[in-house]
2 protein chains.
Amino acid sequence: MFHFFLGQISKETEQPAIRDNAILWGKYFPLWYGIVPIPIFVSQNLSLMYEKKIPLPLECGLTMTKEILGGKWKPNLLLAISLGIKRPSDLQRAIPHSTKRVLNLQLKELEEFRVITKQIYHQLPPKVEYFLTDIGESLLPILKSMDDWGNRNRAVIEAVIINRNAAETEEH
Amino acid sequence: MFHFFLGQISKETEQPAIRDNAILWGKYFPLWYGIVPIPIFVSQNLSLMYEKKIPLPLECGLTMTKEILGGKWKPNLLLAISLGIKRPSDLQRAIPHSTKRVLNLQLKELEEFRVITKQIYHQLPPKVEYFLTDIGESLLPILKSMDDWGNRNRAVIEAVIINRNAAETEEH
DNA sequence: CAGTATCCGACAAGATACTG
DNA sequence: CAGTATCTTGTCGGATACTG
């Protein structure tokens with residue numbers, strides 16, 4: 001089953017805390033799983049903890065995963081690395097629509113999240129290689145199923161996009 | 001296995017077309033699967049077909065899936081609908097950080113991609129319900145595994161984000 | 001309740017030129 | 001080859017106020 005926190009997450013322990021029913025049954029939790037109220041995707045506290053201009057509701061596992069796979073090329077980078085493409089220049093050749101700058105930014109973020117590691121060889125010319133960590137490997141099934149799904153539904157998606165663009169050009 | 005197109009996709013048939021080895025072995029395809037060159041994530045033709053200011057390389061299944069799950073709340077919406085939350089107002093209550101406008105935009109896109117259907121009851125007050133299509137249902141395993149992964153790796157991700165924010169506030 | 005119009009700010013990513 | 005600095009552009013989503 002999906003994993004949801006009940007109620008808000010207390011700041012001190014960072015553990016989910018079941019709030020009393022009076023509040024659970026209030027206006028913030030209009031949904032029930034059987035007789036259990038389900039405050040899905042909810043937790044004001046946490047989004048205040050991680051201060052950002054536009055706060056992220058991190059309490060939902062879904063949202064945390066999206067945080068990691070969010071960049072324009074991150075899933076592609078991970079797949080490419082898993083295929084044995086390790087060096088920055090090869091990665092950019094494998095993803096031709098990307099730019100060096102963005103690829104570097106996203107590789108840095110993936111490294112920050114411990115999804116990949118960076119191996120620097122101090123040579124001339126310099127050489128760098130990226131590798132998946134165990135965490136990164138554990139993402140591969142998801143990426144693989146996303147890739148499979150996209151390929152299975154290619155026809156529908158392409159049709160919609162072609163339609164959309166046709167409508168847009170008609171407007172102008 | 002991952003599903004990659006070899007070479008470019010011809011405009012007329014929209015079928016993958018194997019290009020001759022001279023080009024495959026050129027600088028654009030530096031990767032091999034066994035002795036087969038793998039032009040992953042590549043296809044200039046397609047990205048020109050779907051004209052956008054910033055063209056999308058749609059030839060990769062991964063990228064197509066991201067196109068559908070890309071919005072800020074789309075995965076959450078799909079999960080919520082799969083849990084039986086059907087009405088717009090309930091959906092917004094289930095995703096408190098969202099706004100009506102964005103939710104509507106994203107529901108419209110999901111509908112456009114045939115992932116959900118919209119049922120309008122002509123009543124007063126008006127009533128609307130959303131349902132997953134078969135295509136939408138087929139996305140649930142992916143969403144579920146993303147949610148699971150996020151929950152399993154919650155500790156690491158939260159630690160990184162807390163660190164990052166601490167470093168940022170230190171700067172100022 | 002469901003949905004839209006308008007305006008605006010934040011941020012991601014592109015372009016280019018540059019170091020070591 | 002790997003990486004960065006700087007500037008510009010596009011776009012997504014937020015805020016608000018409004019219809020039916």
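Per chain, numbering begins at 1; letters A, B, ... match sequence-line order. In this text the structure is predicted, and so the values were computed from the model without any measurement.
A cation-pi contact, defined as under 6.0 Å to the ring centre and within 45° of the axis, is absent between B:K118 and B:Y130.
Dashed line: the shortest gap from a side-chain N or O of B:T99 to OP1 or OP2 of D:dG13 is not under 4.0 Å. One finds no side-chain N or O of B:S98 lying less than 4.0 angstrom from the OP1 or OP2 phosphate oxygen of D:dG13.
Look at CG on A:D90: it is 9 Å from P on D:dC1, rounded to the nearest Å. To the nearest angstrom, P of D:dG3 lies 13 Å from CD of A:Q123. Taking atom NE2 of residue A:H122 and atom C1' of nucleotide D:dC1, one finds them 14 Å apart after rounding to whole Å. Between B:L103 atom CG and D:dG14 atom P there is a gap of 10 Å when expressed in whole angstrom units. What separates NZ of B:K86 from C1' of C:dA2 is a distance of 18 Å, to the nearest Å. Atom CD1 in B:I120 sits roughly 7 Å away from atom P in C:dG3 (whole-Å rounding). Separating the NZ atom of A:K127 from the C1' atom of C:dG20 is a distance of 19 Å, rounded to the nearest angstrom. As a whole-Å value, the separation of A:K100 NZ from C:dA13 C1' is 16 Å.
The nucleotide whose nearest atom lies closest to any side-chain atom of A:V102 is, among C:dG14, D:dA2, D:dG14, C:dG14. Minimum atom distance to the side chain of A:P88 is reached by D:dG3, of the listed D:dC1, D:dG14, D:dG3.
Remark: the B:R101 side chain and the C:dG3 base include no donor-acceptor N/O pair separated by less than 3.5 Å. A donor and an acceptor atom never sit less than 3.5 Å apart when one is taken from the side chain of B:K72 and the other from the base of D:dG13.
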Could you go step by step and tell me if B:N151 and B:R154 meet the side-chain hydrogen bond (donor to acceptor under 3.5 Å, both in side chains) rule? CA-CA 5 Å; B:N151 284 318; B:R154 178 180 300 276; 2.3 Å; yes

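Looking at heavy-atom distances under 4.0 Å, B:Q106 makes contact with sugar-phosphate atoms alone, never a base. A:P126 comes within contact range of at least one nucleobase, with a heavy-atom separation under 4.0 Å.
Both B:K108 and B:R87 lie close to DNA chain C; mapped to their nearest nucleotides by heavy-atom distance, the more 5′-ward contact belongs to B:R87.
A continuous path of Ile, Leu, Val, Met, Phe, Trp and Tyr side chains, each step under 4.5 Å between heavy atoms, connects B:L110 with B:I120, placing both in one hydrophobic cluster.
Taking both residues in full, the closest heavy atoms of A:S145 and B:I142 are given as O-CD1, 3.6 Å, listed atom of the first, atom of the second, then distance.
Between B:T99 and B:W73, every side-chain heavy-atom pair lies at or beyond the 4.5 Å cut-off. Residues A:F113 and A:E67 have side chains in contact (heavy-atom distance under 4.5 Å, counting atoms from C-beta outward).
Between A:D148 and A:K144, at least one side-chain nitrogen of the basic residue sits less than 4.0 Å from a carboxylate oxygen of the acidic one, meeting the salt-bridge criterion.
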Reading DNA chain C 5' to 3', how would its secondary structure be written in dot-bracket notation, given Watson-Crick and G-U pairs with both distances under 3.5 Å, brackets [ ] for crossing pairs and | for partners on other strands? ||||||||||||||||||||

